2 protein chains.
Amino acid sequence: MARASVEAERKEQILAAACEVVSEIGFKSLRIADVAKRAGTSTGTVHYYFDTKRDLMHAAFDWNFTQSLGRRREILESDAPATQRLRDFVESYLPEGAATVGAWHVWAELWVEALHDPDLQELNERVYGEWRRAVAAIIRDGQDAGEFREGDPVVFANGLIGMIDGLSLQVLLGSRSMTADRMRAVCEQVLGWFFLAP
Amino acid sequence: MARASVEAERKEQILAAACEVVSEIGFKSLRIADVAKRAGTSTGTVHYYFDTKRDLMHAAFDWNFTQSLGRRREILESDAPATQRLRDFVESYLPEGAATVGAWHVWAELWVEALHDPDLQELNERVYGEWRRAVAAIIRDGQDAGEFREGDPVVFANGLIGMIDGLSLQVLLGSRSMTADRMRAVCEQVLGWFFLAP
DNA sequence: TGGTTGTTTGACTGGTCAGTCAATCATCCA
DNA sequence: TGGATGATTGACTGACCAGTCAAACAACCA
């Protein structure tokens with residue numbers, strides 16, 4: 001066993017580095033040596049903590065999600081009105097800041113890798129379950145408070161999350177027709193249709 | 001120059017094979033030898049028509065789009081009511097049949113590859129422009145015919161296409177919470193909110 | 001028929017990189 | 001202090017594969 005403190009710290013360093021490299025050059029181009037360099041260590045050390053490249057990437061994908069969830073905990077657990085929480089949630093997803101864009105890149109790589117990897121599909125399933133439940137809970141709150149029109153919260157959560165994913169991809173691809181600002185406008189429009197006028 | 005007939009036929013064979021292989025094992029795992037075998041030819045011949053792997057894949061991505069558009073031409077150019085055309089369009093996108101699922105896989109690979117390739121971003125831009133225009137045109141028709149509520153057609157087209165992309169990804173990932181049937185239900189629900197009752 | 005151009009083949013090469021390993025260093029504790 | 005265990009290093013190896021190339025084959029035409 002690695003000594004607990006060193007192990008946790010070093011793994012974190014390596015996972016953060018792996019996510020940065022994936023975000024910058026993509027999974028396909030990622031070399032263990034790139035990760036090692038970015039983490040300020042050697043390939044030997046990377047392999048000391050992660051047996052294979054696959055293990056490393058699975059752990060990195062998982063870590064990426066944990067970090068994303070952490071960055072949104074404040075929003076999800078806030079006791080602001082549901083309309084506000086939903087707006088904040090959507091806003092926090094817009095691919096604008098470096099952290100969010102980086103996390104989105106890693107997500108996109110995960111998706112495509114998962115197309116041919118059942119273990120990653122399982123990770124996706126777990127994570128999307130969490131997002132879906134979180135959004136559906138906000139919607140239910142909003143409906144209970146009369147801020148939100150009726151309808152199946154899960155259907156709306158699925159539609160909203162799906163739309164965010166699809167639009168974000170276009171933004172990440174640098175589309176001239178779908179900038180972060182335009183995405184914000186589309187999301188606001190859609191939310192507006194579902195919020196009841198105050 | 002290759003003799004026109006042979007060249008066109010052989011290129012088509014190779015591109016179709018490339019798309020099949022990408023769909024089955026992913027871009028990252030694709031070997032020129034796989035494509036050659038699938039096309040019933042040799043690696044030498046693949047390289048005779050496509051200088052590099054990158055050239056081959058760019059052409060394959062382009063070809064995949066042309067085929068997808070062809071499969072939908074009938075719907076887009078039909079003179080059925082706008083509501084029907086939009087329903088048919090969405091239905092045609094559901095990742096169910098082999099051809100559609102295959103095309104989606106190739107799309108997903110294109111997206112991720114494009115994150116780090118400006119030429120592919122350009123292809124994405126062109127293609128999305130076409131989809132967006134096609135959908136917006138249907139919506140405009142529907143609004144003119146009073147079948148559809150008012151609002152910016154482009155905003156709605158963007159929202160709808162984004163949602164389809166995001167949901168399709170989850171279906172492709174084999175999510176137990178997002179099957180093709182559930183996706184159909186979400187899309188119908190959303191379309192229902194925007195169609196005016198007859 | 002024989003020459004020209006277009007097409008096909010697969011063995012081969014050069015470069016790349018994940019993963020291994022033996023050596024070294026650091027930390028802890030008896 | 002010295003031995004044990006944990007941690008780190010980077011040179012090395014074996015597998016892999018894109019792209020090359022020389023040789024062969026096919027279609028066409030003069």
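What you see is a predicted model, and the numbers here were worked out from it, not measured in a lab. Within every chain, numbering begins at 1; the chains are lettered A, B, ... in the order of the sequence lines, protein sequences first and strands thereafter.
Remark: B/R10 is in phosphate contact with C/dT8, judged by side-chain N or O atoms under 4.0 Å from OP1 or OP2. Taking 4.0 angstrom as the limit, B/T41 places a side-chain polar atom (N or O) nearer than this to OP1 or OP2 of C/dT9.
Taking atom CZ of A/F27 as the reference point, atom P of C/dC17 lies 14 Å away to the nearest angstrom. Atom CD1 of B/I14 and atom P of C/dT9 are 10 Å apart (whole Å). For the pair A/E7 CD and C/dA26 P, the computed distance is 20 Å after rounding to whole Å. Put simply, NZ on B/K28 is 13 Å from P on C/dC17, counting in whole angstrom units. Residue B/Y48 contributes atom OH, which lies 14 Å from atom C1' of D/dA24 at whole-angstrom precision. We find that CD1 of B/I32 is positioned 16 Å from P of C/dT8, with the value rounded to whole Å. In this entry the distance linking CG of A/D51 with P of C/dA18 reads 15 Å, nearest Å. Distance OH (B/Y49) to C1' (C/dT9): 13 Å, rounded to an integer number of Å.
Aromatic pair B/Y93/B/F89: ring centres closer than 6.0 Å.
No engagement by B/L56 is indicated, since no non-hydrogen atom pair under 4.0 Å with the nucleic acid exists.
For the side chain to side chain donor-acceptor pair (under 3.5 Å) condition, the pairs that include at least one residue of residues 30-39 of chain B, sequence neighbours left out, are B/E20-B/R38, B/E24-B/R38.
Candidate nucleotides D/dA18, D/dA11, D/dT8 were compared by shortest atom distance to the side chain of B/K53, and D/dA18 ranks first. Relative to the side chain of A/H47, the nucleotides D/dT8, C/dG19, C/dA11 differ in distance, and C/dG19 lies closest. With distances taken from any side-chain atom of B/R31 to the nucleotides D/dC16, D/dG19, D/dT9, the minimum falls on D/dC16. For B/T45, the listed nucleotide lying nearest its side chain is C/dT8; candidates were D/dT8, C/dT8, D/dG10.
If you check the side chains of B/Y128 and B/D165, you find a donor sitting under 3.5 Å from an acceptor. Checking B/R72 against B/S92 by side-chain atom types alone, a donor-acceptor pair falls below 3.5 Å.
The residues B/R184 and B/D181 are annotated as salt-bridged, a charged nitrogen and a carboxylate oxygen being separated by less than 4.0 angstrom.
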